[in-house]
Amino acid sequence: GYSDECFKIYFDKKRSWDEANTKCQSEGMTMAKPDDPLTLRNYLNTRYGDSSGSWPYVWLPARGTGNYVHWQPNGERIQSDSTLWYGTEPAGYTSSSNCLMLYTSDSQIEAHPQSPYAMNTCTAGRYALCEQVNE
């Protein structure tokens with residue numbers, strides 16, 4: 001609905017990061033790594049808002065590796081000084097028990113309009129956002 005990328009969000013239940021990854025794979029897709037996370041966040045907020053009973057926070061395919069946050073599976077590092085980080089993140093959230101999510105609530109967009117990335121414990125419940133695998 002917002003780009004030439006093909007995404008599918010699963011609102012059937014909230015999942016841990018590992019469960020979301022498994023869900024995407026079971027559907028023949030991968031966890032979504034949007035080319036334009038700001039546009040995607042705004043689209044999700046506008047399209048889904050609070051209709052699901054909570055903001056459509058979704059997992060993205062990156063997690064902490066100790067000192068940094070890396071995209072999975074290619075291992076590319078997300079720079080700590082990226083303007084996409086919300087507030088002071090990822091400081092203090094780079095352990096392997098923390099994973100990347102997309103902030104989508106009105107208040108978060110208002111407070112940090114250019115910064116959608118946030119870390120959360122990988123076991124937290126978020127929605128699976130999957131992307132069609134291009135062959």
Side-chain angles (χ1 to χ4, degrees):
Y2 89 95
S3 79
D4 61 354
E5 294 174 287
C6 184
F7 299 124
K8 183 170 184 178
I9 188 169
Y10 288 91
F11 279 125
D12 57 324
K13 70 176 190 171
K14 292 181 180 180
R15 294 173 166 85
S16 70
W17 189 91
D18 287 324
E19 291 168 341
N21 189 35
T22 298
K23 176 65 175 173
C24 291
Q25 290 175 0
S26 74
E27 299 292 334
M29 294 182 270
T30 61
M31 289 178 79
K33 182 183 176 197
D35 291 338
D36 184 348
L38 291 170
T39 301
L40 176 61
R41 173 179 73 169
N42 292 336
Y43 173 79
L44 290 172
N45 177 279
T46 301
R47 173 72 172 86
Y48 298 106
D50 203 17
S51 63
S52 64
S54 65
W55 293 103
Y57 295 144
V58 296
W59 288 121
L60 297 179
R63 65 186 309 152
T65 59
N67 295 321
Y68 301 102
V69 178
H70 292 260
W71 290 109
Q72 307 293 310
N74 72 7
E76 180 186 345
R77 187 168 82 187
I78 302 173
Q79 297 299 320
S80 298
D81 61 353
S82 169
T83 58
L84 295 173
W85 287 114
Y86 187 86
T88 61
E89 295 197 30
Y93 296 98
T94 57
S95 80
S96 61
S97 64
N98 290 302
C99 293
L100 184 66
M101 59 176 264
L102 195 68
Y103 267 157
T104 57
S105 76
D106 289 337
S107 63
Q108 291 153 343
I109 291 172
E110 185 176 319
H112 297 277
Q114 301 300 310
S115 307
Y117 288 171
M119 297 296 283
N120 203 325
T121 178
C122 299
T123 57
R126 300 289 179 254
Y127 296 109
L129 179 69
C130 306
E131 184 172 10
Q132 187 63 47
V133 178
N134 293 326
E135 307 260 338

How close do [X] and [Y] get, counting heavy atoms only, and between which atoms?
| X | Y | answer |
| --- | --- | --- |
| Trp85 | Ser80 | CD1-O, 3.5 Å |
| Pro116 | Arg41 | CA-NH1, 3.5 Å |
| Trp17 | Ala62 | NE1-O, 3.7 Å |

Flag the pair [X] / [Y] as yes when at least one side-chain heavy-atom distance between them is below 4.5 Å, and no otherwise.
| X | Y | value |
| --- | --- | --- |
| Leu44 | Ile9 | yes |
| Tyr103 | Tyr57 | yes |
| Pro61 | Asn21 | no |
| Leu38 | Leu40 | no |
| Asn120 | Arg126 | yes |
| Thr65 | Thr94 | no |
| Leu129 | Met31 | no |
| Leu60 | Pro34 | yes |

When rounded to the nearest 0.5 angstrom, what is the spacing between [atom1] in [X] and [atom2] in [Y]?
| X | Y | atom1 | atom2 | result |
| --- | --- | --- | --- | --- |
| Glu89 | Ser115 | CD | OG | 10.5 Å |
| Tyr86 | Ile109 | OH | CD1 | 10.0 Å |
| Met119 | Cys99 | CE | SG | 6.5 Å |
| Ile78 | Leu100 | CD1 | CG | 5.0 Å |

Under a 4.0 Å threshold between the charged nitrogen and the carboxylate oxygen, would Lys23 count as salt-bridged to Glu27?
yes
Using 4.0 Å as the upper bound for N to carboxylate O, is an ion pair formed by Arg63 and Asp18?
yes
Test side chain to side chain donor-acceptor pair (under 3.5 Å) applied to Gln108 and Ser105, step by step
CA-CA 5 Å; Gln108 291 153 343; Ser105 76; 2.7 Å; yes
Regarding Arg77 and the six-membered ring of Tyr68, is the cationic atom NZ or CZ under 6.0 Å from the ring centre and inside 45° of its axis?
yes
Would Arg15 and Trp59 count as a cation-pi pair here, with the cationic atom under 6.0 angstrom from the ring centre and within 45° of the axis?
no
Test of ring centre spacing under 6.0 Å for Tyr127 and Phe11
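Between Phe11 and Tyr127, which both carry aromatic rings, the centre distance is below 6.0 Å.
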Distance-only donor-acceptor check, side chains Asn98 and Ser95, under 3.5 Å
yes
Checking side-chain polar atoms at under 3.5 Å, does Gln79 have a donor or acceptor matched by the opposite partner on Ser82?
no
Are the side chain of Glu19 and the backbone N or O of Ser16 linked by a donor-acceptor pair below 3.5 Å?
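Present.
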Is it true that a side-chain atom of Gln72 and a backbone atom of His70 form a donor plus acceptor pair closer than 3.5 Å?
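Yes, the answer is positive, given that a donor and an acceptor are paired below the 3.5 Å cut-off.
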Transitively linked via ILVMFWY side-chain contacts under 4.5 Å: Trp71 with Val58?
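Linked, Trp71 and Val58 end up in one cluster.
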Hydrophobic cluster membership, with links at side-chain heavy-atom distances under 4.5 Å among I/L/V/M/F/W/Y: are Leu84 and Phe7 in one?
yes
More than 12 heavy atoms from other groups under 6.0 Å of OH on Tyr93:
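Open.
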